[in-house]
Amino acid sequence: MAVKAGELHKVETGSWPFDLAATLNSGQVFHWHAMGDGFAGVIGRKAVWVRQVEPGLLECTGGMAETVREYLGLGEDMAAMAATFPADDAALQRAVAWCPGLRILRQPSWECLATFITSSLKQVPHIRAISLRLRERFGELVREEGLPDQWAYPEPSVLAAAGEAALRECGLGYRAAFLVRTAETVASGAMDLGAVATMDDEKALEALTTLHGVGDKIASCALLFGFGRTAAFPVDVWIERVMRELYFPRARKLTHERLKTFARRRFGRHCGVAQQFLFHWARLTDCGRSEIGN
DNA sequence: TTCCAGGTAACGC
DNA sequence: GCGTTACCTGGA
């Protein structure tokens, strides 16, 4: 599908590298799809198409430049954050150098939290399929000239009203009950995500984990990718694996709490960002085993 | 067929 | 507290 060139707006990405494809395909978000030489997706309630023209420059469809900029985390000073990483940590520095253009997204908090609730014990293609089915069936249709039909992520009240059975039809399995209960809690106001955004990291994590189906990992993903908390450190099987190999090769028992404490001390106040570089590197190189020249 | 994957809640000790 | 186990689904 053709996107009218005249309606495209430019977004400068700054002096630190930026890699659109890597960022959208790094397990932070699951609904963008390749279209032409760019990506089509939805930010909040607006459909958008964005492509990387050159290393420091993006183009996006009309009126979305500022939204895209915010969503892609381009307002954050990545150079300054990377400068807080330990210079003598060869593994982390290698992970950053391997894909320096990776950024932490700033997604709307509800869709980020809800999507990660549906991610447990699922592989990325499954998460994508579930996410798209939920949008298609329960989300608001968003149209933009020149773009295919897309759907916003369904509001909490809509998913709460839909009920568990309908969500199971979307392939959620046992996650359906988790999502419905959490949607009810948010829709009723018993959990105010806006209030969570004002809490300190520890309180915010504590609040989110009271939600059904939200444990430490999913709450941390929501905080990192949906609340801009760069100190949130989700421990999933990939991070556990890469950190075990890099930092605890002889440890027999390694709790997630111990990994988080270690990460905070070693990587610093933006340890969540470090996590994303390590995660991406580990996943795409199989912890370095398939890294070219290694 | 059988196994298992980007986790959580519920249970047992 | 800490260690197991069940849980839906879909792909290998």
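Quick caveat: nothing in here was measured; it's all calculated off a predicted structure. Note on naming: letters A, B, ... go to the chains in the order of the sequence lines (proteins, then strands), and numbering restarts at 1 for each one.
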**Request:** With the side chain of A/His126 defined as its heavy atoms from C-beta on, choose the nearest nucleotide among C/dG3, C/dG11, B/dG6.
**Result:** C/dG11
**Request:** Using the P atom as the reference point in each nucleotide, state the distance between B/dG6 and C/dG3 in Å, no decimals.
**Result:** 23 Å
**Request:** Spell out, as yes or no, whether a donor-acceptor pair under 3.5 Å connects the side chain of A/Arg175 to the backbone of A/Leu172.
**Result:** yes
**Request:** Please lay out, stage by stage, how A/Tyr153 and A/Ser131 fare under the test side-chain hydrogen bond (donor to acceptor under 3.5 Å, both in side chains).
**Result:** CA-CA 8 Å; A/Tyr153 197 87; A/Ser131 174; over 6 Å; no
**P spacing across the pair B/dA9 / C/dG10, given as an integer number of angstrom** = 23 Å
**Prompt:** Are A/Gln28 and A/Ser26 linked by a side-chain donor-acceptor pair shorter than 3.5 Å?
**Reply:** yes
**Asked** Between the base of B/dT8 and the side chain of A/Lys217, is there any donor-acceptor pair under 3.5 Å?
**Response** no
**Message:** Could you tell me if A/Trp49 and A/Glu144 have a donor-acceptor pair between their side chains, going purely by distance under 3.5 Å?
**Reply:** no
**Asked** Will you find, in the side chains of A/Arg128 and A/His31, an N or O donor that is under 3.5 Å from an N or O acceptor?
**Response** no
**Asked** What does A/Leu121 touch in the nucleic acid at a heavy-atom separation under 4.0 angstrom: a base, only the sugar-phosphate, or nothing?
**Response** base
**Prompt:** What is the ring orientation for A/Phe262 with A/Phe267, classed by angle as parallel under 30°, tilted 30 to 60°, or perpendicular over 60°?
**Reply:** perpendicular
**Asked** Nearest nucleotide by nearest heavy atom, which residue falls closer to the 5' end of DNA chain C, A/Ser120 or A/Gln123?
**Response** A/Ser120
**Message:** Starting the side chain at C-beta, find the nucleotide from C/dG10, B/dG6, B/dT8 nearest to A/Arg283.
**Reply:** B/dG6
**Message:** Reading 5' to 3' and counting Watson-Crick or G-U wobble pairs with both distances under 3.5 Å, write the dot-bracket notation for DNA chain B, | for bases paired outside the strand.
**Reply:** .||||.|||||||
**Interatomic distance where NE2 belongs to A/His280 and P belongs to B/dG6 [whole Å]** = 16 Å
**Message:** Parallel, tilted or perpendicular, judged at 30° and 60°: which one describes the rings of A/Tyr71 and A/Trp32?
**Reply:** tilted
**Message:** If you assign A/Gln276 and A/His212 each to the DNA chain B nucleotide with the nearest heavy atom, which residue ends up on the more 5' nucleotide?
**Reply:** A/Gln276
**Message:** Can you pull out the residues from residues 156-176 of chain A that lie within a 4.0 Å heavy-atom distance of DNA chain C?
**Reply:** A/Arg168, A/Gly171, A/Gly173, A/Tyr174, A/Arg175
